[in-house]
Protein chains: 2
Amino acid sequence: MKNQNTKIRIKDIATLAGVSEGTVDRVLHNRGEVSEKSKAAVEKVLEEINYSPNLLARSLASKKYYRFICLIPAHQVADYWESVEKGFDSAAHDYLQYNIHLEKQYFNQFDANSFVNVSSQTIQNKPDAVFIAPIFRDETLNFTSELTLRQIPFSFIDSMIEEADFLTYYGQDSFQSGYVAAKLLLNSLPDNAQVVVIRTKRKGAESNQTIARKNGFMHFISENGLSNIELLDIEMNDNDENVNLELLREAFGLNSNIKAAITFNSKVCRLAMHLKTLNRPDVRLIGYDLLEENVKYLKNDVVSYLLAQRPDQQAYFTVRDMCTELIFKQKVKKINHVPIDILMKENIEDYMQFRE
Amino acid sequence: MKNQNTKIRIKDIATLAGVSEGTVDRVLHNRGEVSEKSKAAVEKVLEEINYSPNLLARSLASKKYYRFICLIPAHQVADYWESVEKGFDSAAHDYLQYNIHLEKQYFNQFDANSFVNVSSQTIQNKPDAVFIAPIFRDETLNFTSELTLRQIPFSFIDSMIEEADFLTYYGQDSFQSGYVAAKLLLNSLPDNAQVVVIRTKRKGAESNQTIARKNGFMHFISENGLSNIELLDIEMNDNDENVNLELLREAFGLNSNIKAAITFNSKVCRLAMHLKTLNRPDVRLIGYDLLEENVKYLKNDVVSYLLAQRPDQQAYFTVRDMCTELIFKQKVKKINHVPIDILMKENIEDYMQFRE
DNA sequence: TGTATCTTCGTGGGCGAACACGGAACATCA
DNA sequence: TGATGTTCCGTGTTCGCCCACGAAGATACA
């Protein structure tokens with residue numbers, strides 16, 4: 001069906017157009033020094049046939065060397081960002097043959113200044129493309145406008161800022177994932193049940209993602225007229241787990257009717273830990289992301305569901321799409337909402353062992 | 001970290017070992033005509049450095065032409081096998097550059113003879129590798145032993161036969177997916193609820209996959225002591241939908257207490273259609289696979305959950321792994337259980353639009 | 001008409017690996 | 001000693017594409 005294009009080489013085009021290979025090459029790469037006449041001849045042939053260059057030969061011959069830089073938060077071993085990084089590494093490995101080199105730059109996700117430092121360093125390094133986890137909105141916008149000015153393409157990972165002129169974004173539809181969480185959590189709860197909603201702020205401000213998830217969650221409630229469900233908003237402390245335990249002990253006191261709880265960030269394991277201490281296996285628990293600890297509590301039956309995505313895959317695709325655009329000159333899709341994966345004890349094993 | 005291996009070429013090895021490129025090549029490919037002395041010299045260098053050949057250059061230069069044949073059921077447009085085929089096509093496209101050509105052979109999934117015919121044709125074609133959907137157990141075993149005899153590697157897709165000497169298998173853990181289905185279907189059903197289990201036989205025999213799913217389903221029931229749930233086994237007719245409608249009308253009669261229903265094959269849409277006719281929106285419904293019709297009823301709220309896999313991805317990976325083994329000479333994983341994807345109205349959109 | 005400048009385009013030498021070919025070195029036999 | 005056969009190994013060509021170099025042709029000006 002489409003194998004006729006396999007055999008067409010630049011040489012063939014040259015013959016058909018009655019010019020030399022060099023001329024075809026110049027036309028293909030738009031680098032001038034071609035008379036109108038020969039250009040027209042080549043373009044006519046190109047229109048008639050379906051030429052697709054042999055990418056192997058191209059990158060073998062090409063001496064161009066691409067430098068990609070990705071800016072992600074520094075992190076612990078079993079963290080969400082660890083998976084993202086794995087995806088980048090894997091892409092780096094696969095695309096090495098195409099003369100692509102990927103460097104990683106880490107910033108402190110609790111300190112906007114560190115992001116600013118790293119981003120200005122990146123500019124000085126004159127990369128061919130940049131990948132950004134836009135944790136800090138304003139600082140990221142400053143950075144991306146600078147990139148746009150210098151015509152350096154960039155993509156977002158994990159979340160996005162719509163106004164910026166990015167190439168791609170891979171990530172979950174956070175609103176929708178909050179909606180899904182609500183459906184799973186609130187499905188057939190007894191009347192007048194109470195539900196605990198945990199909040200944790202990152203340096204004073206909640207992240208866009210957790211806000212969007214919560215909005216989706218609330219939307220489900222209002223859309224389904226579940227006003228009889230009482231929500232308890234608890235703000236957890238980022239440093240002192242003893243404080244958190246006491247907060248929860250109080251909330252789950254004798255006269256409470258709490259049947260379910262949820263966190264909108266990836267740290268449901270902390271909540272699970274405390275509920276285990278408080279011995280409340282009857283409380284249905286939902287959280288996000290496959291941190292090692294979270295998975296442990298899922299397998300333990302403390303957490304009922306985890307909503308997940310494949311951060312490694314997202315990172316991989318982000319790199320792949322940049323190559324597709326820059327090297328293979330093909331258009332890619334801008335906004336890519338990845339599936340909202342629903343994990344429970346029974347399907348987590350296959351999910352985790354199945355890599356890419 | 002690992003970029004030192006980028007730069008080492010055969011030429012470099014030759015210089016280091018004090019021999020010519022040709023000799024290194026002969027050692028690398030183990031094709032003799034090399035004295036013990038030079039062989040030892042080359043191997044010594046190879047041990048010290050970490051040579052990995054440039055795959056681009058290799059397949060550019062190599063004139064070897066691989067022919068892969070895949071045997072899958074002939075099918076309708078919106079069928080499960082349509083997705084499988086898409087995955088094969090996509091892989092064929094991506095691997096064309098490596099001189100790989102993929103041919104498809106269709107057989108009638110309701111007629112073992114047609115499989116036998118197609119498989120003997122395949123043998124005569126002397127392919128370099130074969131992919132098989134092993135619908136017919138005995139006939140497939142005959143075929144694969146013939147392939148093994150002729151040293152033609154093969155992989156299974158969709159389901160597998162353990163005794164055969166296959167390279168890879170991609171597919172769901174059917175038992176586990178039945179277990180998951182049970183958990184979703186039976187979760188917080190009222191006491192004494194009745195549950196309908198639909199069966200459809202393929203030419204007299206149920207497929208391995210549906211049997212395994214049902215076993216997983218039953219296992220959940222016995223493991224969780226749900227003996228108060230009454231199962232109604234209904235066998236549906238493959239040809240006449242009117243008969244099926246009447247069967248169901250009878251079962252869902254006035255004095256029934258049916259709260260849920262499930263089919264273990266991919267045709268839950270038929271059940272959904274009839275339940276819609278019978279106007280029973282209260283019945284919870286679960287099925288398998290993303291056929292267009294199934295998705296329609298999921299979005300309609302007639303079906304509550306669909307359990308899915310990514311058949312196209314499985315086909316793609318099957319081809320990819322064969323290339324990895326044959327061309328790149330690297331080991332691949334034999335049995336690959338793909339994730340059991342849980343789809344509901346709220347997460348189906350992102351899932352479907354996210355390709356590959 | 002000769003010289004200088006600019007535009008246009010063909011040729012050739014790579015990229016790294018595969019493989020065919022044939023030459024050199026050595027052994028064997030008449 | 002010369003003819004013939006074996007074993008071993010270096011060289012050259014090819015894959016399709018990229019790009020530098022410089023030649024040829026066109027144009028302008030003295």
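Source: prediction; values computed, not measured. First the proteins, then the strands, lettered A, B, ... as listed; each starts at 1.
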>> Show, in sequence, the C-alpha distance, side-chain angles and deciding distance for B:R9 and B:D12, and conclude whether the salt bridge (Lys or Arg N to Asp or Glu O under 4.0 Å) test is met.
In response: CA-CA 5 Å; B:R9 300 158 305 173; B:D12 301 318; 2.9 Å; yes
> Taking the six-membered ring for Trp, are A:F166 and A:Y169 parallel (under 30°), tilted (30 to 60°) or perpendicular (over 60°)?
Replying inline: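 Plane angle over 60°, so perpendicular.
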Rounded to the Å, how far apart are [X] [atom1] and [N] [atom2]?
{"X": "B:L28", "N": "D:dC9", "atom1": "CG", "atom2": "P", "value": "15 Å"}
{"X": "A:R26", "N": "D:dC17", "atom1": "CZ", "atom2": "P", "value": "16 Å"}
{"X": "B:D25", "N": "D:dC15", "atom1": "CG", "atom2": "P", "value": "18 Å"}
{"X": "A:E33", "N": "D:dC18", "atom1": "CD", "atom2": "C1'", "value": "15 Å"}
{"X": "A:E36", "N": "C:dT8", "atom1": "CD", "atom2": "P", "value": "8 Å"}
{"X": "A:L56", "N": "C:dA18", "atom1": "CG", "atom2": "P", "value": "13 Å"}
{"X": "B:R31", "N": "D:dT7", "atom1": "CZ", "atom2": "C1'", "value": "16 Å"}
{"X": "B:I10", "N": "C:dA18", "atom1": "CD1", "atom2": "C1'", "value": "8 Å"}

[X] side chain N/O closer than 4.0 Å to the phosphate oxygens (OP1, OP2) of [N]?
{"X": "A:Y51", "N": "D:dC17", "value": "yes"}
{"X": "A:R58", "N": "D:dC18", "value": "yes"}
{"X": "B:S38", "N": "D:dC8", "value": "no"}
{"X": "A:H29", "N": "D:dC19", "value": "no"}
{"X": "A:T23", "N": "C:dT8", "value": "no"}
{"X": "A:R9", "N": "D:dC15", "value": "no"}
{"X": "B:S62", "N": "D:dC15", "value": "no"}

>> By the 4.0 Å heavy-atom rule, please label B:L60 as base, sugar-phosphate, or nothing.
In response: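 Answer is base: heavy atoms of B:L60 come under 4.0 Å of a base.
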> Can you name the nearest heavy-atom pair linking B:K64 to B:N99, along with the distance?
Replying inline: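 Heavy atoms of B:K64 and B:N99 come nearest at O-CB, 3.2 Å.
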>> Using the rule given for salt bridge (Lys or Arg N to Asp or Glu O under 4.0 Å), can you reason through A:D25 versus A:R31, listing the C-alpha separation, both sets of side-chain angles and the distance that settles it, and then say yes or no?
In response: CA-CA 9 Å; A:D25 185 75; A:R31 68 174 119 82; 2.6 Å; yes
>> Nearest to the side chain of B:N54, heavy atoms from C-beta on, is which of D:dC17, C:dG16, D:dC9?
In response: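 Within the option list, the nearest is C:dG16.
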> Does B:Q353 use its side chain to pair, donor to acceptor, with the backbone of A:H337 at less than 3.5 Å?
Replying inline: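 Yes; judged by distance alone, with no hydrogens or angles, the pair exists.
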> For DNA chain D, whose closest nucleotide is more 5', that of B:S20 or that of B:A61?
Replying inline: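 Looking at the nearest nucleotide for each, B:S20 comes out on the 5' side.
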